[in-house]
Colleague: 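Have a look at this one before I ask anything.
Every chain is numbered from 1, with letters handed out A, B, ... down the list of sequences. Keep in mind it's a predicted model, so treat the numbers as computed, not measured.
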Amino acid sequence: MEPYDHKAIESKWQKRWAEASLYKTNASTDKPKQYILDMFPYPSGEGLHVGHPKGYIATDIYSRYKKMNGFEVLHPMGWDAFGLPAENFAIKHKVHPRVAVEKNIANFKNQLALLGFNYDWTREINTTDPAFYKWTQWIFLKLFEKGLAHQSFEPINWCPSCQTGLANEDVNADGTCERCDSTVTKKPMRQWVLKITEYADRMLQDLDSLTEWPEHIKEAQRNWIGKKEGIIVSHPVVDQDFAIETFSAYPAWMYADTYVVLAPEHPLVPKLVQGLETEQEVLQFVSLMASKTMLERTEGKEKLGVFTGCYVEDPYREGARMPVWVANFALMNFGTGAIRCSGHDERDVAFAEKYNIPLRTVVGDGTFVNAHLNEGTLKDSGPFTGKTISPTLIAEMVEWMVKMGIAKRKTSYKIQDWVFSRQRYWGEPIPVIHCKKCGVVPVPEKDLPVLLPDVDHYEPTGTGESPLAAIESWVNVPCPSCGGDAKRETNTMPQWAGSSWYWLRFMDPHNASELVNQNIEKKWGPVDVYVGGDHAVRHLIYARFWHKFLYDINLVSTLEPFTRLEFLGFVLAEDGRKMSKRWGNIINPDDIVHSVGADSMRVYEMFMGPFENTVPWSTNGLVGSRRFIERVLRLRDSVRSEDVAALETILHQTVQKVSEDIEKFKFNTAVSALMIFVNEVEKQKTIGKKQYDTLLILIAPFAPHVTEELWERIGNHFSIHQEMWPIFDPAKATSDKVEIAVQVGGKTKGSIRISRDLEEGEVFIRIKNDQKLSKYVDFKPKKVIYVKNKIINFIP
RNA sequence: GCCCAGGUGGCGGAAUUGGUAGACGCACAGGACUCAAAAUCCUGCGAUCGCAAGGUCAUGAGGGUUCGAUUCCCUCCCUGGGCACCA
């Protein structure tokens with residue numbers, strides 16, 4: 001065998017493929033389409049580590065497989081390059097973000113090129129390209145036009161280190177910034193907000209239609225949307241002419257409530273305490289809470305509150321008055337910001353005991369019963385006394401409350417509107433103009449894109465203004481409406497803007513006049529398989545939101561952007577930790593390609609384990625994949641012109657297994673099936689030419705270079721990647737002999753090789769005649785259980 | 001606390017309309033080839049008792065259903081992920 005010179009082979013074929021434009025998508029064909037997409041990368045300055053290409057390898061294999069099965073495949077790649085990481089990198093290294101991004105993209109492309117991917121690079125896109133972000137801005141204007149983008153002045157999440165406002169999705173569960181881990185504070189400021197909440201219900205409901213999405217992703221999105229159905233109850237304030245509305249999700253327990261709690265920022269608090277002797281104390285408490293982050297405010301789950309001195313009427317119990325408190329645990333952004341509290345909630349009980357507020361219970365004998373259980377028989381509950389809580393009863397109670405005018409049905413969501421402006425340089429300028437006379441005026445479509453101007457200082461200002469505000473020549477413009485003096489919006493869009501619609505651009509990347517040509521969208525959309533990790537909530541929520549909006553304005557033809565989602569598991573370092581500069585355990589794919597070749601790396605990453613599992617890198621395992629390829633190379637010396645009959649069955653089985661496994665993204669077992677076949681060929685010592693061709697085609701998506709080389713060496717025509725995928729014959733994939741287990745009383749005693757589909761009596765005779773097995777059946781069985789081609793079990 | 005996904009050899013993992021647990025690969029051990037080493041090839045490799053034939057135990061733990069359970073049911077433990085003072 002000639003030595004396996006992976007470097008020569010890989011560079012030779014990468015060049016040939018490029019010269020032949022082998023991977024260019026043919027847009028005008030009658031073939032069925034497949035749109036196979038990776039979550040496009042953020043071109044960071046660190047470059048790729050071996051974990052990054054895992055998903056790209058999978059989509060590469062899948063799209064090669066689909067092409068060989070007669071599909072026209074759209075498999076593009078692009079760059080998500082706006083946002084904080086590029087900007088922070090640029091500030092740190094004192095280069096313009098544009099320059100840094102260009103350099104990083106070039107580096108990423110070189111690294112990807114080494115792995116032999118079949119991307120159609122003629123469709124490459126970049127979110128920071130004005131030709132691209134023109135349309136990102138255009139979508140914003142449409143959102144604005146439809147009332148889904150508006151300015152807000154509510155306090156928002158503010159990262160003091162990144163010096164910008166953040167969306168809820170950008171804040172970790174522990175209240176830190178997702179990018180830099182600084183503690184996020186609240187800051188009141190003007191910001192642009194997208195009304196994603198208007199789509200919350202549809203995004204929740206349509207999750208059920210996404211049958212090819214992993215359950216855990218859908219569950220994460222359900223949690224994030226956080227829909228809760230409940231009721232709103234209005235409580236007239238005693239001796240006042242206004243009322244407080246509370247939200248409750250457990251209507252069966254309303255008769256147990258004895259007091260009401262308001263969130264510190266509830267707008268009625270100042271009005272409620274105005275002129276009362278409690279005013280000072282309450283307002284002090286409110287401003288103390290306002291100065292704290294949510295995390296600090298609820299630290300240690302300690303319950304803090306203050307009595308307003310006011311009471312409200314309880315519409316459930318005539319004459320009953322409920323004291324009104326302000327407390328740290330009530331949240332303004334859920335329900336109405338006001339709650340009824342009872343003796344059936346641990347938190348409410350703890351608070352009441354601390355401040356000596358009387359409690360009531362409506363279920364049980366005084367020992368604590370949690371309302372969340374929705375179980376038990378009601379007492380002291382007006383017309384419902386004596387009834388047992390059930391879904392039917394709850395529905396009945398709500399209906400009665402509505403009829404009596406006590407309550408209204410209300411749905412509350414955890415998801416918040418999307419804070420869409422950033423006070424940073426490296427993002428799409430928000431295309432609006434502020435005019436003293438006309439107010440907010442959208443930039444006319446003909447003036448798009450609003451180019452991001454060059455600026456001397458792109459560091460964040462920290463003043464709540466973006467660095468763009470300092471460029472007077474850019475900021476000052478005539479109002480498009482009245483022609484008077486006006487100023488441009490200086491906030492930019494968040495990193496997630498461009499990635500919220502980019503899959504549409506790939507379909508039609510050079511179209512200057514439309515966001516998407518609808519004929520082309522109907523041809524390619526939606527994405528058939530979308531592959532990536534991370535972003536279970538953010539990117540996938542935002543993308544679904546924009547896609548639904550684009551559907552509503554008749555630009556796309558489907559309700560969902562991604563039919564099937566494959567979520568990948570990461571590659572850990574060999575030491576089991578995350579690959580990170582900090583640990584010094586990063587493995588660079590360039591080094592692996594250099595030492596064992598791209599093909600070995602590709603095979604190994606697919607063989608490591610199930611695609612969705614997070615698995616540590618193993619250099620030993622990598623060597624195993626290299627050995628497999630070397631064995632395939634060596635097999636070439638065993639090729640003869642006639643097919644080997646003894647290999648036919650297993651070859652058909654292998655074709656079947658590999659096809660089914662690629663289809664299901666079970667690449668690890670596909671590789672294993674290929675190894676089993678190669679083992680068998682080695683046992684037979686010989687393989688037919690056509691059989692070897694078939695084997696090479698099966699391996700081609702996994703190891704495209706070496707199979708192309710062998711394809712040529714064995715005298716076939718360029719290119720193996722344009723061959724048709726082999727079809728298996730189900731009849732030939734089953735052998736006529738089977739090995740079945742012989743059991744006595746359910747315990748396996750041995751096995752016997754017999755003809756397929758043999759009758760029970762025949763099997764019994766074979767076992768009787770078998771030297772080893774006959775001794776196990778020298779009794780008269782009470783019962784015999786025979787499962788054809790599987791087991792025979794003799795019950796004594 | 002609630003929800004989701006998992007728990008199988010020294011390691012990654014395979015097998016589920018219930019039917020021989022540990023495929024495939026790695027690591028390890030022994031052997032062949034070699035002056036030697038690497039590479040390659042052959043053999044072994046869950047635990048335990050046994051010279052062997054063979055037996056017993058074993059898929060997080062404990063119960064259950066079944067001729068038969070990694071697979072189905074119940075209770076519990078652990079790991080990873082999402083949500084969480086959410087009314």
Colleague: The side chain of A:Tyr776 lies closest to which of these nucleotides: B:rG54, B:rU40, B:rC57?
Modeller: B:rG54
Colleague: If you look at every strand shown and take non-hydrogen atoms under 4.0 Å, does A:Lys218 touch a base, only sugar-phosphate, or nothing?
Modeller: nothing
Colleague: Strictly by Watson-Crick or wobble contacts shorter than 3.5 Å, is anything paired with B:rA52, and which nucleotide is it?
Modeller: none
Colleague: May I ask which nucleotide in the shown strands pairs with B:rC76, Watson-Crick or G-U wobble, both distances under 3.5 Å?
Modeller: B:rG60
Colleague: Could you measure between the two C1' atoms, the one in B:rG44 and the one in B:rA37, and give it in whole Å?
Modeller: 24 Å
Colleague: Need one value for A:Lys303: base, sugar-phosphate or nothing, where a base atom within 4.0 Å counts as base even if backbone is also close, heavy atoms only.
Modeller: base
Colleague: Does B:rG44 pair with anything, Watson-Crick or G-U wobble, both distances under 3.5 Å, and if so, with which nucleotide?
Modeller: B:rC28
Colleague: Within the sub-3.5 Å range, which N or O atoms of nucleotides 71-74 of chain B have a protein N or O partner, and how far apart are they?
Modeller:
none

Colleague: What integer number of Å spans the C1' atoms of B:rG46 and B:rC11?
Modeller: 13 Å
Colleague: Report the base-pairing partner of B:rC85 (Watson-Crick or G-U wobble, both distances below 3.5 angstrom), or none.
Modeller: none
Colleague: If pairing requires Watson-Crick or G-U wobble contacts with both distances under 3.5 Å, which nucleotide is the partner of B:rC67?
Modeller: B:rG19
Colleague: When you check every protein heavy atom under 4.0 Å of nucleotides 10-15 of chain B, what one-letter string (B, S, -) results, 5' to 3'?
Modeller: --BSSS
Colleague: Under a 4.0 Å heavy-atom cut-off, which of residues 785-796 of chain A touch RNA chain B?
Modeller: A:Ile785, A:Val787, A:Lys790, A:Ile791, A:Asn793, A:Ile795
Colleague: Which nucleotide, B:rC4, B:rG25, B:rC85, lies nearest any side-chain atom of A:Glu215?
Modeller: B:rC4
Colleague: Starting at atom CD1 of A:Ile415, determine the distance to atom C1' of B:rC86, rounded to an integer number of angstrom.
Modeller: 15 Å
Colleague: Can you tell me the distance, in whole Å, between the CE atom of A:Met675 and the C1' atom of B:rC24?
Modeller: 7 Å
Colleague: Would you say A:Arg627 places a side-chain N or O within less than 4.0 Å of OP1 or OP2 belonging to B:rC26?
Modeller: yes
Colleague: The side chain of A:Glu219 is closest to which nucleotide in this list: B:rC41, B:rC4, B:rU20?
Modeller: B:rC4
Colleague: Looking only at atom C1', what distance separates B:rG62 and B:rG10, rounded to whole Å?
Modeller: 28 Å
